[in-house]
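All heavy atoms count here, side chains included; hydrogens, waters and symmetry mates do not. Throughout, numbering of the chain's residues begins at 1 and tracks the sequence. Atoms within each ligand, like the ligands themselves, are counted from 1 in listed order. Because the structure is a prediction, the values reported are computed rather than measured.
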Amino acid sequence: MKSFNDGKPYHGSHEVSKGKLEGATGETDYFYFFCPKCPDREIMRILEFGEHARDDVNEYNVHCKSKAKYGFTLVFKLYCEKCGYSDFVKISNTGWQGGKHSEILSRFK
Ligand SMILES: [Zn+2]
């Protein structure tokens, strides 16, 4: 596999932070991200993904009833065909995954 983002730095911008990047499944279990710039939930393409991090042990297992097999962080490069906007998003199980979304956002107020 080629190196993610051609080896260049990648970090999601403020446009996708603080709850501004949203998405949903369609008619099946596939998940779609919506362009944060366009109206009416314009679906973004995923141009590539990379493995940002992987750990043999998930640090939250000792605190949880459920047990993750490992820790991982995947990064996706998103692109909107309509407006040309591009950004990055990460999906990970190495941070805390529980509680309510509003509690995450309230930490930044
Ligand atoms: Zn767009």
**Asked** Between E51 and F72, is a side-chain contact (heavy atoms from CB on, under 4.5 Å) present by the stated rule, with each step listed?
**Response** CA-CA 8 Å; E51 190 176 79; F72 71 88; 5.6 Å; no
**Item:** Non-hydrogen side-chain atoms of M44 and P36 separated by less than 4.5 Å
**Value:**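 They are in contact (side-chain heavy atoms under 4.5 Å apart), so the answer is yes.
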**Request:** Tell me yes or no: between the side chains of S66 and Y60, is some donor less than 3.5 Å from an acceptor?
**Result:**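 There is no such pair (donor and acceptor under 3.5 Å, judged by atom type) between the side chains of S66 and Y60.
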**Prompt:** Are E15 and K20 ion-paired here, with the side-chain N under 4.0 Å from a carboxylate O?
**Reply:**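 No, this pair does not count.
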**Nearby protein N/O/S atoms (those under 2.8 Å) for the Zn ion (ligand 1), with water ignored** =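 The answer, once waters are left aside, is C35 SG, C38 SG, C80 SG, C83 SG.
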**Request:** Please check if the distance between the ring centroids of F33 and F31 is under 6.0 Å.
**Result:**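 That pair passes the under 6.0 Å test.
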**Message:** Which label fits Y10 and F88: parallel for a plane angle under 30°, tilted from 30 to 60°, or perpendicular past 60°?
**Reply:**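 It falls in the tilted class, 30° to 60°.
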